[in-house]
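All ligand and atom numbering here is 1-based and tracks the order in the structure.
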Amino acid sequence: MRQTKIVLSDKEIPTKWYNIMADMPNKPKPPLHPGTKQPVGPDDLKPIFPMDLILQEVSTERWVPIPEEVLDIYTLWRPSPLFRAHMLEKALGTPAKIYYKYEGVSPAGSHKPNTAIPQAYYNKKAGMKRIATETGAGQWGSSMALAGTYFGLDVTVYMVKVSFGQKPYRRLMMETWGATVHASPSKLTNAGRKILELDPDNSGSLGIAISEAVEDAATHNDTNYALGSVLNHVCLHQTVIGLEAKKQLEIAGDYPDVVIACCGGGSNFAGLAFPFLHDKINGKQLRAIAVEPASCPTLTKGEFTYDFGDVAGMTPLINMYTLGHDFMPSGIHAGGLRYHGDSALVSQLYHDKIIEARAYPQLPVFQAAMQFAKTEGIIPAPESSHAIKCAIDEAMKAKEEGKQRTILFNLSGHGHFDMQAYGDFLAGKLIDHEHPESDIKKSLDRLHAMLK
Ligand SMILES: *Cc1c(COP(=O)(O)O)cnc(C)c1O
């Protein structure tokens, strides 16, 4: 029988996360305080994060042990399977071998619980009773709600108001796991009240929801804040993906020529790619491609500079690729990829040309998703479908060149809660938005004026 699914036993789960800070030729510049513009110290972050996570955020240790309590939960669905996409390869008629790591097997259906679980654990250990967080379409909020149930933490989620109304199933998932969900902007915070006073019908944004969750955490002693992407400790936790994939490919007797993942804030890309980049930094030949939507092209069209994480300018400034913190991407269906910035680690690696980036419009991405669903069977999340599109392109290039090539991509989640997007695609209602060059220039000009 041909080898299609490569699984590891519970005992083979990685027991340490990989920290790429130890090996980067250039480390990211430090985050700056939004008021003083001086590097932030641990004390600045103490009101909203537990010390264990603050230390991981700045750690340069190569290997960070995964706590037993976290491994106990991870093993409920990890190690996740690695598949060889035989049926997709056949449909493409490519000599390339395509492998994908499937993170949709977690209870929340994506890679996000890989960091939600340890974040809940460290907060519980620090004596916290509650976590406040934000969510756009609901993927991060549901992962945090899940983690809250495992560790007995209350979870309050500020959900962007337009999604709160339009995407009830992720909200109901969060409530099923015991979380309290508020439509944002809400009347519960100063940030929310201020916006509602000026604009009672404001439909919300991720940046506003972040401001509300941070304020909630900063003003309650028993409450901390949690973020689902971008930060160094989030990327660190996600490296279980790549560490497992390496072992699985070894079993298959293979090693990738190219590693691919979609990129919103950069965490699932970091998770898959960083353990392989460790080899690349040590001389191995390998390409890594971060794939983003053409309507929010942070790496491919953004600027490498300090910017805020939120719209209100309350979070620390991070040195990253950014489109400007008030850039408003068009309403594409890959909600998880609509962030103006990117992880400082991913940004620095791109700046140093250790990784590549590519942007695709949503129509070809949905065509790739359809082809994947019809061959491999899994209905992919719209976010993950960006990686599928890139993997297909790489496989077709191998075919044209008549070359063998081993391709590995991350299937970061399933699309079971995104069927409306598939419905719109099938009905021919999806459109490709114009390239937002002039909007990007405007928001970057505003950022420059603000930082002067
Ligand atoms: C949130 C999300 C992403 C994007 O976030 P990253 O931090 O860039 O990984 C990608 N895929 C899925 C399924 C998501 O839920």
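Residues Arg78 and Ile241 meet the side-chain proximity criterion, which asks for heavy atoms closer than 4.5 Å.
Counted by atom type alone, Glu61 and Asn19 present zero donor-acceptor pairs between their side chains at under 3.5 Å. A side-chain N or O of Tyr18 and one of Asp23 form a donor-acceptor pair less than 3.5 Å apart. A donor-acceptor contact closer than 3.5 angstrom links the side chains of Arg170 and Ser142.
When only non-hydrogen protein atoms are considered, atom 1 (C) of ligand 1 lies nearest to Lys112 NZ, 1.3 Å. Of the protein's heavy atoms, Ser229 OG, 2.5 Å lies nearest to atom 7 (O) of ligand 1. The closest protein non-hydrogen atom to atom 13 (C) of ligand 1 is Ser412 OG, 3.4 Å. The single protein non-hydrogen atom nearest to atom 5 (O) of ligand 1 is Gly336 O, 4.0 Å, given as residue, atom name and distance. In this structure, atom 8 (O) of ligand 1 lies nearest to the protein heavy atom Gly264 N, 2.6 Å.
Atom-to-atom distance recorded for Tyr158:OH and Ser184:OG is 8.5 Å, nearest 0.5 angstrom.
Residue contacts with ligand 1: Leu337 is placed with no nitrogen or oxygen under 3.5 Å of a nitrogen or oxygen of the ligand (distance criterion only). When only interatomic distances are considered, the shortest N/O to N/O separation between Cys263 and ligand 1 does not fall below 3.5 Å. The shortest N/O to N/O separation between Asn268 and ligand 1 falls below 3.5 Å. Between Ser384 and ligand 1, not a single N/O pair is under 3.5 Å apart.
Note on ring orientation: taking the six-membered ring where Trp is involved, the planes of Phe409 and Phe372 are perpendicular (angle over 60°, cut-offs 30° and 60°).
Only one option out of Thr223, Asn224, Asp154 pairs with Arg130 in a side-chain hydrogen bond (donor to acceptor under 3.5 Å, both in side chains); it is Thr223.
Remark: ligand 1 atoms within the under-4.0 Å shell around heavy atoms of Gly413 are 13 (C). Of all atoms in ligand 1, numbered sequentially from 1 with element shown, those under 4.0 Å from a heavy atom of Gly266 are 6 (P), 7 (O), 8 (O).
Annotation: Lys27, atom NZ; neighbour count of heavy atoms from other residues, nucleotides and ligands within 6.0 Å is above 12.
Cation-pi check for Lys124 over Phe151 is not met; the charged atom does not lie both under 6.0 angstrom from the ring centroid and within 45 degrees of its normal.
Considering only non-hydrogen atoms, atom 6 (P) of ligand 1 lies nearest to Ser267 out of Ser267, Gly415, Ala381.
Distances shorter than 4.0 angstrom occur between a heavy atom of His111 and an atom of ligand 1.
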